[in-house]
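Below, read A as the first sequence line, B as the second, and so on, with proteins coming before strands; counting in each chain starts at 1.
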2 protein chains.
Amino acid sequence: MATSIQDRQEVSSVRDPRQIRATEQVSKPQQYAHEHPRPSVTVDIALFTFAQNELKILLIARKAPPFAGYWALPGGFVAIGEELEAAAQRELAEETGLRNVKLDQMHTFGAPDRDPRTRVISVAHLALIGQDALAHNPALAADDAADARWWNAYALPQLAFDHADICAIALTRLRSMLGNIETACRLLPAAFTLTQLQLVYECVLDEPLDKRNFRRKVLDTDLLEDTGVKTKGDHRPARLYRLRA
Amino acid sequence: MATSIQDRQEVSSVRDPRQIRATEQVSKPQQYAHEHPRPSVTVDIALFTFAQNELKILLIARKAPPFAGYWALPGGFVAIGEELEAAAQRELAEETGLRNVKLDQMHTFGAPDRDPRTRVISVAHLALIGQDALAHNPALAADDAADARWWNAYALPQLAFDHADICAIALTRLRSMLGNIETACRLLPAAFTLTQLQLVYECVLDEPLDKRNFRRKVLDTDLLEDTGVKTKGDHRPARLYRLRA
DNA sequence: GCAAAAGTGTTCCTTATACACCCATGT
DNA sequence: ACATGGGTGTATAAGGAACACTTTTGC
């Protein structure tokens, strides 16, 4: 029998080493700078939504070189005292006006030549948003801003840097996260129909799903609740669901 | 119906943007340095093995401040023109003599105060190794080096920096990777018994498994083949298996 | 012969899959 | 009335979980 089960307890009783630092002798920050030329560090954000029955990703048109005229993921430099996720939140707010979007760190891209100017290491993040969150931002909501546009995630233009790689990994990551129904819901408005949710799954997984099996599986989890409201439209109204609190 | 299926083709036909760079006007690298104070970037490696019926992780004793006397994950600075994974391979070779170990990038740790000297962003990697790979390195194989030692992954000492967080995430990641039998095999020698493999699963998942169900599930995948060799020891000899090529 | 670890099948239950028709609304 | 998308149940297959005894070796 492995000893892991008994030993587990000891881990949580270890004191947080951050509380001990102050008592140690610390070398000067400058000491580092001479020894190691430092790369720049950026964050990039792959922001997805689901609209017009398509999985969409937000891209920004670059105005300055390198890659002027190309499309790129939103992102930018990490400030020297800034958490990585805070940097991603700040860049997202600066470039889209969106705040308090849940961000998942995804992968760090560090090929030495990925930026032709200098060494830039980029920590890529994944973010999912429902269309209703865009309502406050007319440019993004209307999908016609001169420099920011939603693109079908399966039909991207040429991208700057290695952003095509980042998008590909983002899509793979998103796919692997669909086991959690909540993930798919994050791509939709707060209230949505089961058909919309199924379309999200079909679009991200890129395969058709059986309607009855899908609905049973989703409703059996008890993660969704009926809002009591129904859609109004051309045909039979559909129940609107929301994530249960 | 989602349009993703038809559109998928267009992605792969997009030209690699890296081939286009040379034609663009490029700003000078120095331009960056003034605008953004740059962090240092390191790689850390959580190297696991399975020995003495325990999941073990390799730690290095720190001799210099900060955290002198503490144990830490192997790792070090990324050179300015170096791939992240190459840096991790180099550091692993320098500190343990191990080469050509498969490395998986795991997570990037960027809390501004995680290193008391200066801003250091660390890209953490996960590596798994069988005991037979350690045979060439007597110090590591004997587990008695003054400054490098294998520790039970569930009973770690106090760790430098945020390495306790890194170890915790490494263990979680390792757990999530056990769906692939190959992952568990990477913690064992090239030839191993099914009981050893089961112990790996039980130790990493931290739960007992049924012997008959486990053996059936593993053998049904057809990923293992019988080496024809058996163990010699105190009791009934066991078949030794290896990963099928 | 006994201690210790290796090896081996069957039953039950849960979960996934395949499949087709009626319903509510707008025009 | 018809076009359009919303909504529903059942039967079969597959996979996961529970469970105990015999075999082979060293001492």
Side-chain angles (χ1 to χ4, degrees), chain A residues 1-3 50-54 175-176 178-181 184-185 188-189 191-242, chain B residues 1-3 50-54 175-176 178-181 184-185 188-189 191-242:
Chain A
M1 171 64 71
T3 59
F50 190 76
Q52 290 95 45
N53 291 353
E54 286 178 355
R175 229 163 249 154
S176 76
L178 280 192
N180 303 316
I181 290 169
C185 296
L188 290 171
F192 51 85
T193 68
L194 292 186
T195 299
Q196 283 179 293
L197 187 62
Q198 183 175 346
L199 281 168
V200 168
Y201 274 86
E202 290 183 331
C203 191
V204 176
L205 297 177
D206 206 359
E207 65 182 7
L209 299 175
D210 180 86
K211 180 158 64 159
R212 281 169 294 189
N213 293 338
F214 178 80
R215 296 164 95 92
R216 175 160 14 92
K217 198 162 96 172
V218 168
L219 293 178
D220 282 356
T221 64
D222 229 48
L223 291 169
L224 301 187
E225 62 183 2
D226 193 335
T227 59
V229 184
K230 295 196 174 190
T231 55
K232 286 182 232 170
D234 290 340
H235 309 295
R236 174 173 174 176
R239 289 171 195 270
L240 285 164
Y241 291 85
R242 73 167 80 92
Chain B
M1 172 64 70
T3 59
F50 190 76
Q52 290 94 44
N53 289 356
E54 286 178 356
R175 229 164 251 153
S176 75
L178 280 192
N180 303 316
I181 289 169
C185 297
L188 290 171
F192 50 86
T193 68
L194 291 186
T195 298
Q196 283 180 293
L197 187 62
Q198 183 174 346
L199 282 168
V200 168
Y201 274 86
E202 290 183 331
C203 191
V204 176
L205 297 177
D206 205 359
E207 65 183 8
L209 298 175
D210 179 86
K211 180 157 64 160
R212 281 170 293 186
N213 292 339
F214 178 80
R215 295 165 94 92
R216 175 160 13 91
K217 198 162 97 173
V218 168
L219 292 178
D220 281 357
T221 64
D222 229 47
L223 291 169
L224 301 187
E225 61 183 3
D226 193 336
T227 59
V229 184
K230 294 195 175 194
T231 56
K232 288 182 232 168
D234 290 339
H235 310 295
R236 175 173 176 178
R239 289 170 193 270
L240 285 163
Y241 291 85
R242 74 167 80 93

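Taken residue by residue, residues 217-225 of chain B places no heavy atom nearer than 4.0 Å to DNA chain D. The stretch residues 232-242 of chain B touches DNA chain C through His235(B), Arg236(B), Pro237(B), Ala238(B), Arg239(B), each having a heavy atom within less than 4.0 Å of the strand.
No side-chain donor-acceptor contact under 3.5 Å links Glu54(A) to the backbone of Ala51(A). Looking only at distances, a side-chain donor or acceptor of Arg175(A) sits under 3.5 Å from a matching main-chain atom of Val204(A). The backbone N or O of Glu225(B) sits nowhere less than 3.5 Å from a side-chain atom of Arg242(B) that would complete a donor-acceptor pair. Counting only distance, with no hydrogens or angles, the side chain of Thr231(A) and the backbone of Ala238(A) share a donor-acceptor pair below 3.5 Å. Side-chain atoms of Glu202(A) never come within 3.5 Å of backbone atoms of Pro208(A) as a donor-acceptor pair (strictly under, hydrogens ignored). Between the side chain of Gln198(B) and the main chain of Arg215(B), no donor-acceptor pair closer than 3.5 Å is present.
Put simply, CG on Leu224(B) and CG on Leu219(B) are 6.5 Å apart, with the number rounded to the nearest 0.5 Å. In this structure, CG on Leu197(A) lies 9.5 Å from CZ on Phe50(A), to the nearest 0.5 angstrom. Between the CG atom in Asn213(A) and the NZ atom in Lys211(A) there is a gap of 12.0 Å [rounded to 0.5 Å].
For the pair Tyr241(B) and Thr227(B), the minimum side-chain heavy-atom distance is 4.5 Å or more. Side chains of Leu223(A) and Asn180(A) form no contact here, defined as non-hydrogen atoms less than 4.5 Å apart.
Using a 4.0 Å heavy-atom cutoff across all strands shown, Thr195(A) reaches sugar-phosphate atoms only and no base atom. In this structure, Thr231(A) reaches neither bases nor backbone, as no heavy-atom distance under 4.0 Å exists between it and the strands shown.
Applying the ring-ring contact (aromatic ring centres under 6.0 Å, His included) test to residues at least two apart or on different chains, the pairs with a partner in residues 196-217 of chain A are Tyr201(A)-Phe214(A).
Atom NZ of Lys230(A) and atom C1' of dG26(C) are 15 Å apart (whole Å). Rounded to an integer number of Å, the gap from NZ of Lys211(B) to P of dT8(C) is 10 Å.
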Please tabulate the protein-to-nucleotide N/O contacts below 3.5 Å involving nucleotides 9-12 of chain C, giving atom names and distances.
residue: dG9(C); atom: O6; partner: Arg216(B); partner atom: NH2; Å: 3.3
residue: dT10(C); atom: O4; partner: Arg216(B); partner atom: NH2; Å: 3.1

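Residues forming a side-chain hydrogen bond (donor to acceptor under 3.5 Å, both in side chains) with Arg236(B) (at least two apart in sequence, or on another chain): none.
Extent of DNA chain D lying under 4.0 Å from chain B heavy atoms, first and last nucleotide in 5' to 3' order, is dA17(D) to dG26(D).
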